[in-house]
Amino acid sequence: MPFIESTSLWLRALFQRRHVETEMEKEMRLHLEMEIENNIRLGMPPAEAKRAALIAFGGMEKTKEAVRDERGTRWLEEVAADLRFALRGFRRQPLFTSGVVTLIALGVGASSAVFSVINNLLLSPLPFPDGNRMVQYVAMAGGGQVMVTPTRHDVDQWRARTRLVDQIVIVRGTTFALGDSLRGPTQQAGGSFITPGAVAFVGGRPLIGRDVQPSDTLADAPPVALIGYALWQRSFGGRRDVVGGAIVVDGSQHTVIGVLPRGFKLPFDDGADVFAALRSTGGNGPIDAMAKLRPGVSADAANRELKQLFTDLDRRAGQDPPKVMRAADWVPKSSKRVVFLMFGAVMVVLVIACANVANLLLARAWARQRELAIRSAMGAHFVRLVRQMLTESLTLSIAGGVAGVAVALLTLKLLVLAQPEGSTDFSGARLEPVVLAWGLGVCVVTGLLFGLAPALFVGGGRANESLKAGARAATGSAAARRLRGSLVAAEVALSAVLLIATVLLARTIVAMQHADIGIDPAGLIGIRVSMASQQLTDPAARRAAVDGMLEQVRSILGVRGATLAADLPPNFATGMGELEIEGRTTSPTDSLSSVAISWTRPEYFAITGTRIVHGRVFANDLTAGDRLTSTEVLVNESFARRFWPDGDAIGARVRRGGGAWSTIVGVAADVVIPNSRRAWNRTQFYQAMPAAPSHAMLIIRSAVPLTALLPSIEAAIKRASPFMKVGRSLSTDMILDASRATTRFTLTLVGGFAALSLFLAALGLHAVIAYSVSQRTREIGVRVALGAQNSDIMRLVIGQGTGLALIGVLIGAAGGVLTARAMRAMLYGTAPTDPVTLVGVSVLLGIVAVVASYAPARRAVKVDPVEALRSE
Amino acid sequence: MSSSSDVLQGTLDLLVLKALSLAPLHGWGISQRIQQLSRDALQIGQGSLYPALYRLERKGLVKSEWGTTENNREAKYYRLSAAGQRALSDEMSDWRRFVSAVDLVLVAE
């Protein structure tokens, strides 16, 4: 077993080094003694014998070294020695060491956390087998602007004709009422109606019992349901005989056909208690259709096929072809913009951190030039010196990387906590090892690059110069000074870019808060009410209930006005159907296939503060019960100006979806959500609401906050009719707040990174100036000796700092304008070249530069010329 | 060929193996044996002998153990392992081929 033997020898050489060394020593001494004895035997005098033996032996130490080389443990011993040496050095310079480690930790940590979010949002497929092939089928309307519910008929057409996808399944996510309401309280259970294959679609199968079969979906099939593991345990105690038993779902008896395994869930939906078979007459309601792309098929190809299929069917003139979306496609553009901005910001911080690390390493390296030169002169091999430098930078990088993991975990947690509600959710983001390795890699490369510089310098044959130049040598070459200067200028420039982005975002938020949105948002609240119950089917009864509710609510203290509308402004309902203008032909580019519409009552305009620009409010049409018969509409200013630029909109007639013609009787001011880019916002309609609607939003102008008012409003509604149901309540401020949430989140993030970058850049500037002052002591001494005043010296040092900062600011301002142009879509009420922002950021950086160089300047002033000159 | 540096490394290994093939020897004994067998033509310097011994030991071709000399002194003795035996015969035939090839070249007019 030569391998085992040689390994054990190697280990012995490594761990019993002293013993092995003693043996070698002994062996060689014996050799020498034998040689001497032999020489004496050959007739030499003892002294001569010893001399001859020593000559024959050659250099004892050299031989020992050669033997040690043969042991094969040398490199490891050297690494250990290098490591010990490095650690000793770090202990002597705790400030330097902790500085570098902190910088690496911040850079690696922050960037890894942000990359994990990006990975989670944009790169990860759904967490299912074949998740990267799963797509959702979406029907489109409004010129590709609005997603609408697909119809089962269309999905069936698709299934029959597609060649690029398979396993098309239909799911209708819903909340079921479980239990028999006649016998006891019901409980809410999340779940879905599913078609056969939905369970297998995500790679699951029932734990016990059977799956949904095609026969279960026939119109007259007995209702069946699968139940989820949690519900099985919770309500059935995990009994196996539940299969075949009955469960009352939404008031009708279902047979339990099986139990799904623990953790089973479908994509795009979280409900997992009940999965009922979707029968072919399964009523109406929104459905989701999902499919898997066949292996090797792209989503684009599937979309092209869909377009082709539905164009061929040619039964949907004026409607948009449906499309498929992957999980990542669901991430809206606005979220992607935020993510990419985050990515940019974190890259900037990473680069600044690396520049600072480089600067610190360089400063330390030039200070050690002499040490390296001496070691080189004493015979240290070039490779050996390089290895020493590598060991040091790698040790720092690894320490920084370990601390970086902690920073990354913390940052990720903070990011998840800070994410705006209602926007894209990335709370599933995990710290990916690959991502962490990437961040660490960047820092290791930086460390290697700039840690090696001094070794290369010595290797470059300039060691002698360095020794000759003596103490003065440490001024470093002009090239080194320029390198450090440009690193700092770059840091300032990058920081300026982030600061400019931050200020622009802050100005955007302020502008959004103060924007004229066309209504008065203060105290405007909305509460959904439903009059759809069995007891209110008669329009007269419903109208009585609605009128009674409004009367009751208006009498509440703090309510200044109440009316009904389709939605709470600035939200509108979406009115489907192509809009026609009498006597005109419109083109698809006018995007009139859907409009923003509010069915409401005449007092709406006064209560919400919507200005009537021309004409009058529509007449209140209370004659026809629950039907829309009004022939009068109001349109918004943008729409009026677009089609009647001469201001003669009033009197024109329009109709939607081929219905009856309506006359425009008035023009209302635009209602806008600042910074929202919804195209149909450009076309707003107001029309009278039926006197007896089945659903409506109760709009209230209130003098007290929503939460304080809500109980009395709910009581008032119940007093008016016990059969009305109260739904979600919200305020206009909440809507506006949510519309600013993404910008606010972005501002927090970018602002945080900007502050970090500013701090790091200031540190870098300070370090460079302080170092420069310490190197120019003699020059400053000469200046003072020649009559320079304190103020001259201060100006000299601070001028150097602000000079570097100025270069950085100039480059950074240009970069900032470019960045701001790229993020223009996120800005509102401010321009990428906003002079206030640019000047403000420049002044701020100037002040920071003065502050950062002030302490070194004070030190420079204290230089004693006599000392400085004598020390040479 | 009198100084150790003139002996090719591969040749030195071969010589050491050959010297050990007859009987286990200590370091000095090996250099004496080679000198004696080559009738004083080859003198192996310690500077290359000991590194060679450690190298061979690491390759598993020789083994070492401490023993006593005829003068009752403690010394490290080296002997050939089975692998060393095989390596010796391989290298000997290699060497012979090499020598005859060089010979052919040198004999050519």
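Naming convention: chains lettered A, B, ... in sequence-line order (proteins, then strands); numbering from 1 in each chain.
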The interface call for A:Glu37 against chain B, heavy-atom contacts under 4.5 Å, is side chain
Heavy-atom nearest pair, B:Glu74 first then A:Leu30, reads O-CD2, 3.5 Å
Crowding at CZ, B:Arg73 (>12 non-hydrogen neighbours, <6.0 Å): yes
Counting only heavy atoms not in A:Lys64 (residues, nucleotides, ligands), do more than 12 fall under 6.0 Å from its NZ? yes
Looking at side-chain heavy atoms only, is the closest gap between B:Lys76 and A:Lys26 below 4.5 Å? no
Roughly how far, to the nearest 0.5 Å, is the OH atom of B:Tyr50 from the CD atom of A:Glu27? 4.5 Å
Chain A contact via B:Leu61 - side chain, backbone, both or neither, heavy atoms under 4.5 Å: neither
Exercise: identify the closest heavy-atom pair between B:Ser31 and A:His31: OG-CE1, 4.0 Å
Is any side-chain heavy atom of A:Glu35 closer than 4.5 Å to one of B:Gln32? yes
Taking C-beta and beyond as the side chain, do B:Trp28 and A:Asn38 meet within less than 4.5 Å on heavy atoms? yes
